[in-house]
Amino acid sequence: QVQVVESGGGLVQPGGSLTLSCAASGSIANIYAMGWYRQAAGKQRELVAGISSGGRTNYVDSVKGRFTISRDNAKNSVYLQMNSLKPEDTAVYYCNADVLVTVTDYRSTRGYYWGQGTQVTVSS
């Protein structure tokens, strides 16, 4: 019913910048929020940044002042601009969409959908 696809990952040097993109598609009636999570090797997945339907944003402390999350509602997309990247930012980044999905012509359901992940590697 819903597909979430990330792009924009890659290899970047410390101090460099990278922009991640995420697009949700399918039978989406409404998007309540979208966010970016990351999971480093051997570590637990954590929320990096999120943006609500009202435009409110939140960030994990380690990326505040360096990362910016934004959205384009017309495209059902969310972006993560990452500046001043550090080796500690190396992880697989996942997009999550909190959406209202049209199941039938009379019923919709709310759910969370994940993208497949995109690798971000910060290294010299």
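Each residue takes its place number in the sequence, starting with 1. No experiment lies behind these values; they were computed from the predicted model shown.
- Separating the OG atom in S27 from the CD atom in Q3 is a distance of 8.5 Å, to the nearest 0.5 Å.
- A pairwise comparison of heavy atoms in L80 and V48 identifies CD2-CG1, 4.4 Å as the closest pair.
- No donor-acceptor pair under 3.5 Å is formed between the side chain of Y93 and the backbone N or O of G8.
- In the hydrophobic clustering, W114 connects to Y37, L47, V92, Y94, either directly or through intervening members, whenever side-chain heavy atoms lie under 4.5 Å apart.
- With contacts defined as side-chain heavy-atom distances shorter than 4.5 Å, the pair V120/M82 qualifies.
- Looking at heavy atoms from C-beta onward, I31 lies out of side-chain contact with N73 at the 4.5 angstrom threshold.
- Residues passing the salt bridge (charged side-chain N to carboxylate O under 4.0 Å, His left out) test with D61, sequence neighbours excluded: K64.
- N83 meets the side chain to side chain donor-acceptor pair (under 3.5 Å) test with S17, Q81; sequence neighbours excluded.
- Scanning for side chain to side chain contact (heavy atoms under 4.5 Å, CB included) contacts around S70 gives Y79, with sequence neighbours left out.
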Inset, instruction - Dump the intermediate steps for side chain to side chain contact (heavy atoms under 4.5 Å, CB included) on L11 and S123, then the final yes or no. - result: CA-CA 7 Å; L11 175 65; S123 179; 4.2 Å; yes

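- Under the rule for a side chain to side chain contact (heavy atoms under 4.5 Å, CB included), the partners of Y32 that lie at least two apart in sequence or sit in another chain are N30, D98, L100, R110.
- Separation of atoms OG1 (T118) and CG (L18) is listed at 8.0 Å; rounding is to 0.5 Å.
- A search for side chain to side chain donor-acceptor pair (under 3.5 Å) contacts involving T102 returns nothing, not counting sequence neighbours.
- Residues satisfying the side chain to side chain contact (heavy atoms under 4.5 Å, CB included) test with Q13, not counting sequence neighbours, are none.
- Counting heavy atoms from C-beta outward, F67 and L85 have side chains that approach closer than 4.5 Å.
- Counting heavy atoms from C-beta on, the side chains of N96 and V4 never come closer than 4.5 Å.
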Legend entry - Verdict with reasoning, L20 to E6, per side chain to side chain contact (heavy atoms under 4.5 Å, CB included): CA-CA 7 Å; L20 304 183; E6 308 101 329; over 6 Å; no

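- For the residue pair A91 and Q119, the shortest heavy atom distance occurs at O-NE2, 3.4 Å.
- Under the rule for a side chain to side chain donor-acceptor pair (under 3.5 Å), T109 has no partner lying at least two apart in sequence or in another chain.
- In this view, D89 and R38, R66 satisfy the salt bridge (charged side-chain N to carboxylate O under 4.0 Å, His left out) rule, not counting sequence neighbours.
- For Q1, the side chain to side chain contact (heavy atoms under 4.5 Å, CB included) criterion is met by V101, V103, Y113, not counting sequence neighbours.
- Rounding to the nearest 0.5 angstrom, the gap separating the NZ atom in K75 from the OG atom in S25 is 14.5 Å.
- Every pair passing disulfide bond (SG atoms under 2.5 Å apart) that includes a residue from residues 10-96 is listed here, sequence neighbours excluded: C22-C95.
- A salt bridge (charged side-chain N to carboxylate O under 4.0 Å, His left out) check over residues 114-124, counting only residues at least two apart or in different chains, returns nothing.
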